[in-house]
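Worksheet: one structure, shown below.
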Number of protein chains: 2
Amino acid sequence: MSPRNSRIEARRTRERIVERGIALASVEGLEGLTIGRLAADLQMSKAGVLGHFGTKEALQLATLQGAAAAFSRLVWEPVAHEKPGLPRLRAVRDTWIAYLETGRDIFPGGCFFTTASTEFDARGGPVRDAVARLLRVWRHRLAAEVRTAVAAGDLPTDTDPDQVVYEMVALYLALNQEIQLFADPTAAARTRRAVNRLLDQP
Amino acid sequence: MSPRNSRIEARRTRERIVERGIALASVEGLEGLTIGRLAADLQMSKAGVLGHFGTKEALQLATLQGAAAAFSRLVWEPVAHEKPGLPRLRAVRDTWIAYLETGRDIFPGGCFFTTASTEFDARGGPVRDAVARLLRVWRHRLAAEVRTAVAAGDLPTDTDPDQVVYEMVALYLALNQEIQLFADPTAAARTRRAVNRLLDQP
DNA sequence: CCTACCGATCGGTAGG
DNA sequence: CCTACCGATCGGTAGG
């Protein structure tokens, strides 16, 4: 019987659960993320795992939040210092590709959000809503950068920002499929080429 | 106790199971397709359902095959009479959009293959392999049409067929997400616009 | 954070 | 194609 942990230790345990949950769910999905499997991997009891969240749904939401934080760290933070507009869009183009190509230690099953989105997109409930909210935030962030690029004269004035964002997202969905299902090493180059065309870069 | 069915009746029962399985799996995924749920929906016993396939994996493969047949009926057959190359590509552009927009009676959860692909793309096994094989076949079919269009002078000679196919697939992955997760009514128009640009149509 | 449970459901089998 | 099972695992709870 392990001693009752201090608040700091409990928090650290919770972080370990979420970290492992992110890796598991990126492979098995948020529904395939079972409390028993998580407990076995972490050498804890099921009750010990569940106690940090209360319900499986709360665990799923916490895992989703943790994954979003990791995505922000990998994709958004490295571009925060870039000039808004086209320079930042070009930087995001590359951090996003890197997230899909080399984010494997955190997300061994590929894009967490693509998996979660297709898993829940035909259901209702808080998890589905949280996934939709996250993807919407990122789309809006991209659209704002496109508008800035247009205002700066770096993109044509007749650019439709939502169309550009839609096509960028499309290319990253396809890149994830290309990597995960076909292990195609040329996919990143294809994506970069297509995004460059979208961003009016030669 | 129902009488032992004739071979024809048994075949018809199997078809009913697969049909219901396609609808269920398009919403819940091929792993969420449980024998008990299928049996309850069809008012059969679990053993009665499983007897037609032997194992859950065989049921998943049969459901995938059934879904592929329905996709071919909705997307490929209507364009078979079109002239190969650009005319057929334009027709596929529209049957594919219609499959995602109005295929709801057969696929209430949206694109069956996007769901199956993201569900299995981080695993091994026969189901994953079968999904990959299907998507590859359809990609190759599209690429052949692009090459025909280039040969006919309907697309520029420097066209990269695999790049065009990659971008078309990307747009349909995104369209499915837009419909399923955001219920965006403008998504089909966005897709058509982007595909038209790919196909060098004004 | 643990042990020891709970009812429900999972895939699958025996036997008719 | 049915009834009647099987062991394993699911999410979750009581109590310490």
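Protein chains get the first letters and strands the later ones, always in sequence-line order, with residue 1 at the start of each.
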(request) Would you sketch DNA chain C in dot-bracket for me? Only Watson-Crick or G-U wobble pairs with both distances under 3.5 Å count, crossing pairs as [ ], other-strand pairs as |, the rest as dots. (result) ||||||||||||||||

(request) Could you tell me whether the side chain of A:Tyr166 and the main chain of B:Leu171 form a donor-acceptor pair under 3.5 Å? (result) yes

(message) Determine whether a donor-acceptor pair (N or O, by modelled atom type, separation under 3.5 Å) exists between the side chain of A:Arg128 and the backbone of B:Leu181.
(response) yes

For residues 49-63 of chain B, tabulate all N or O donor-acceptor pairs below 3.5 Å that involve a side-chain atom, not counting sequence neighbours.
| residue | atom | partner | partner atom | Å |
| --- | --- | --- | --- | --- |
| B:Thr55 | OG1 | B:Ala58 | N | 3.1 |
| B:Lys56 | NZ | B:Glu31 | O | 2.6 |
| B:Lys56 | NZ | B:Leu33 | O | 3.2 |
| B:Gln60 | NE2 | B:Leu30 | O | 2.7 |
| B:Thr63 | OG1 | B:Leu59 | O | 2.7 |

Produce the list of close N/O pairs, under 3.5 Å, pairing protein atoms with atoms of nucleotides 4-9 of chain C; give distances to one decimal.
none

For residues 183-190 of chain B, run the donor-acceptor check on the side chains, cut-off 3.5 Å, and write out each pair with its distance to 0.1 Å, sequence neighbours left out.
| residue | atom | partner | partner atom | Å |
| --- | --- | --- | --- | --- |
| B:Asp184 | OD1 | B:Thr186 | N | 2.7 |
| B:Asp184 | OD1 | B:Thr186 | OG1 | 2.7 |
| B:Asp184 | OD2 | B:Thr186 | OG1 | 3.3 |
| B:Arg190 | NH1 | A:Asp160 | OD2 | 3.3 |
| B:Arg190 | NH1 | A:Gln163 | OE1 | 3.0 |

(request) Hey, could you give me the CG/CG distance between A:Leu134 and A:Asp129, rounded to the nearest 0.5 Å? (result) 11.5 Å

(message) Can you confirm whether A:Arg123 is buried at CZ, in the sense that more than 12 heavy atoms of other residues, nucleotides or ligands lie under 6.0 Å from that atom?
(response) yes

(request) Figure out the CD1/C1' separation between B:Ile35 and D:dC2, and round it to whole Å. (result) 16 Å

(request) Please report, rounded to the nearest Å, how far the C1' atom of C:dG11 is from the CZ atom of B:Arg37. (result) 17 Å

(request) Nearest whole angstrom, please: distance from the P of D:dC1 to the CD of B:Glu9. (result) 8 Å

(message) Any salt bridge linking A:Arg139 with A:Asp162? Criterion: basic side-chain nitrogen under 4.0 Å from a carboxylate oxygen.
(response) no

(request) Kindly state which residues belonging to residues 50-68 of chain B come within less than 4.0 angstrom of DNA chain C, counting heavy atoms of the residue only, listed by number. (result) B:Leu50, B:Thr55, B:Lys56

(request) Round to the nearest Å and state the distance from A:Gln43 atom CD to C:dC2 atom C1'. (result) 15 Å

(request) Before accepting this row, confirm whether a basic side-chain N of the pair A:Glu15/A:Arg12 lies closer than 4.0 Å to the acidic partner's carboxylate O. (result) yes

(request) Please state whether the rings of A:Phe113 and A:Tyr99 are parallel, tilted or perpendicular, taking 30° and 60° as the class boundaries. (result) tilted

(request) Assess whether atom CZ of B:Arg141 is packed by more than 12 heavy atoms of other residues, nucleotides or ligands within 6.0 Å. (result) yes

Atom pairs and distances, side-chain donor-acceptor, residues 71-87 of chain B, under 3.5 Å, sequence neighbours left out:
| residue | atom | partner | partner atom | Å |
| --- | --- | --- | --- | --- |
| B:Ser72 | OG | B:Ala68 | O | 3.3 |
| B:His81 | ND1 | B:Pro78 | O | 3.2 |

(request) Rounded off to whole Å, could you give me the CG-to-P distance for the A:Leu33 and D:dG12 pair? (result) 12 Å

